[in-house]
Amino acid sequence: MEKIQKKSILREWTEAILIAVTLAFVIRTVLFGLYTVPSGSAEPTILVGDKIWGNKMIYFFQKPKRGEFVIFDNPEVVIDKSNSLQRFWQKYIGISIPLFGLRAGPENVVKRVIAIPGDTVEGRVEDGNPVIYLNGKKLDEPYINPYPLIRVQRTKGFINSDYFMHDLLGLRYMIDPNLHVCTYDPNKSFDEQPYYKLNQDNVVRNSMTGWFMLIPPHTPTEKDTFGPMTIPQGKYWLMGDSRNNSRDSRWWGLLDESQIHGRASFVILSIDTSESFWIYDLIKHPINFWTKHIRWNRFLKGLGQYYGRPDLEKQ
């Protein structure tokens, strides 16, 4: 009897774990997802370090609309469809395990919908500024980042090194002194910046002039001139709010509807960090982490059209 009881307990625990894992997988796949923003392509509406709530159910009942932020698979990463195991692993797990021949999946990206199926979209440069024409009319885009971008050096992990190390599981770099570009308000001091905690020590200067390396807003590139093109069914034209720092449809073209996970609804929490795991920042800055790194004012904020632009939110 004792052996039977032990086996029964083990079986119960196994069944409970399998049910919990299955439910978690279904909920994360079908109902909602939590996404950490790793880049500043949607600044200042969405910042690096924001944890975004993604509504995956919404597009079962309606199509993406213009102006919405959608979360999708990076279309520049190709999923191997010739092998069912590889396809499943890349799509739902995403961690690279070279030892077993399992590739990394596409990272999640968030951009704003500019044009939907049936729309005609065109990019022009007028008076030195890139503009979008939608269905023959110039698109009013007050949500575009009006600030310059400043180059900063942010070291990840605990060691400041010019080299980086990637672990065998394909996780993010543990030692990675990357060069980042951040939204910068030139009318405010470093201590008063509204979006990122900056200081003069990590801001990159031009070696010849000594000036901070700023990228002015609305700097046109050859990618800003495109179309006109009519968006076919099942496709979308997406762009980031920080146009100088966004790799979007101007680079990889139209996004297929099947790659969209859901709508970015609101910010769950926000931490001013470039770390893959925020615990690193907590260890390195145990006091400042709570007062300067956590953006308390962004918790549970909806991603409205003008969110992140205090000068426009009241309109």
message: Testing the basics here: between I132 and G123, what is the closest heavy-atom pair and its distance to 0.1 Å?
response: CD1-CA, 4.4 Å
- request: With side chain to side chain contact (heavy atoms under 4.5 Å, CB included) as the test, would you mind laying out the steps for D185 and Y195 before giving the verdict?
  value: CA-CA 9 Å; D185 186 347; Y195 303 113; 5.6 Å; no
query: Does some side-chain heavy atom of V125 sit less than 4.5 Å from a side-chain heavy atom of T225?
result: yes
Pairwise side-chain contact, I52 with L34, heavy-atom cut-off 4.5 Å (strictly under): no
message: Minimum heavy-atom separation for F69 and A42, please, with both atom names.
response: CE2-CB, 4.0 Å
field: In one Ile/Leu/Val/Met/Phe/Trp/Tyr side-chain cluster, 4.5 Å: W296, W53
entry: yes
- prompt: Considering the options N245, T183, T45, D241, which one meets the side-chain hydrogen bond (donor to acceptor under 3.5 Å, both in side chains) requirement together with N145?
  reply: T183
query: So, does N55 use its side chain to make a donor-acceptor pair with the main chain of S265 at under 3.5 Å?
result: no
statement: Smallest heavy-atom separation, E122 atom then G227 atom, equals CG-C, 4.1 Å
Carboxylate-amine/guanidinium proximity below 4.0 Å for D50 and R295: yes
L303 CG to R263 CZ distance, which is reported to the nearest 0.5 Å: 10.0 Å
Over all atoms of both residues, closest heavy-atom pair of L238 and S249: N-OG, 2.9 Å
query: What residue among V109, I114, V113 forms side-chain contact (heavy atoms from CB on, under 4.5 Å) with K111?
result: V109
query: So, do R124 and K138 sit near enough that their side-chain heavy atoms are less than 4.5 Å apart?
result: no
- prompt: Should V152 and Y184 count as side-chain neighbours, where that means a heavy-atom distance under 4.5 Å?
  reply: no
message: Donor-acceptor pair, distance only, cut-off 3.5 Å: does the side chain of R112 make one with the backbone of G67?
response: yes
- line: Output for pair (S242 OG, I46 CD1), nearest 0.5 Å, gives 11.5 Å
- prompt: Side-chain heavy atoms under 4.5 angstrom apart, residues restricted to Ile, Leu, Val, Met, Phe, Trp, Tyr: same cluster for I231 and Y133?
  reply: no
query: Side-chain donor-acceptor pair under 3.5 Å between Q193 and Y147, yes or no?
result: no
- prompt: Between I268 and F299, is any pair of side-chain heavy atoms under 4.5 Å apart?
  reply: no
- request: Could you check if a side-chain atom of I260 sits within less than 4.5 angstrom of a side-chain atom of Y236, using non-hydrogen atoms only?
  value: yes
message: Please report the interatomic distance CZ(R151) to NE2(H180), rounded to the nearest 0.5 Å.
response: 12.5 Å
message: Could you walk me through whether D256 and S258 satisfy the side-chain hydrogen bond (donor to acceptor under 3.5 Å, both in side chains) test, starting with their C-alpha distance in whole Å, then the side-chain angles of each, then the deciding distance to 0.1 Å, before giving a yes or no?
response: CA-CA 5 Å; D256 192 86; S258 64; 2.5 Å; yes
- prompt: Would E141 and R243 pass as an ion pair if we require N to O under 4.0 Å?
  reply: yes
statement: Shortest non-hydrogen pair, P232 vs L254, comes out as CD-CD1, 3.6 Å
Exam field: side chain D127 to backbone N129, donor-acceptor pair closer than 3.5 Å: no
query: In Å, rounded to the nearest 0.5 Å, how long is the span from NZ of K188 to CG of L198?
result: 13.0 Å
- request: List the steps, then state whether side chain to side chain contact (heavy atoms under 4.5 Å, CB included) holds for K63 with E257.
  value: CA-CA 9 Å; K63 299 293 185 180; E257 185 176 359; 2.7 Å; yes
task: State yes or no: do W290 and L269 share one hydrophobic cluster built from I, L, V, M, F, W and Y residues joined by side-chain heavy-atom distances below 4.5 Å, directly or via other members?
output: yes
- request: To the nearest 0.5 angstrom, please state how far the CG atom of N135 sits from the CZ atom of R66.
  value: 6.0 Å
May I have the list of side-chain donor-acceptor pairs in residues 212-222 shorter than 3.5 Å, sequence neighbours left out?
unit_1, atom_1, unit_2, atom_2, d
T219, OG1, P216, O, 2.7
T221, OG1, K223, N, 3.2
T221, OG1, D224, OD2, 3.4

query: Which atom names give the shortest non-hydrogen contact between W252 and R247, and what distance separates them?
result: NE1-O, 3.3 Å
- request: Side-chain contact test, heavy atoms from C-beta onward, threshold under 4.5 Å: evaluate it for V48 versus E43 and give yes or no.
  value: yes
- prompt: Taking C-beta and beyond as the side chain, do Y196 and I150 meet within less than 4.5 Å on heavy atoms?
  reply: no
query: Are Y143 and V131 grouped together when hydrophobic residues (ILVMFWY) are joined by side-chain heavy atoms under 4.5 angstrom apart?
result: no
query: Roughly how far apart are D191 CG and K197 NZ, rounded to 0.5 Å?
result: 8.5 Å
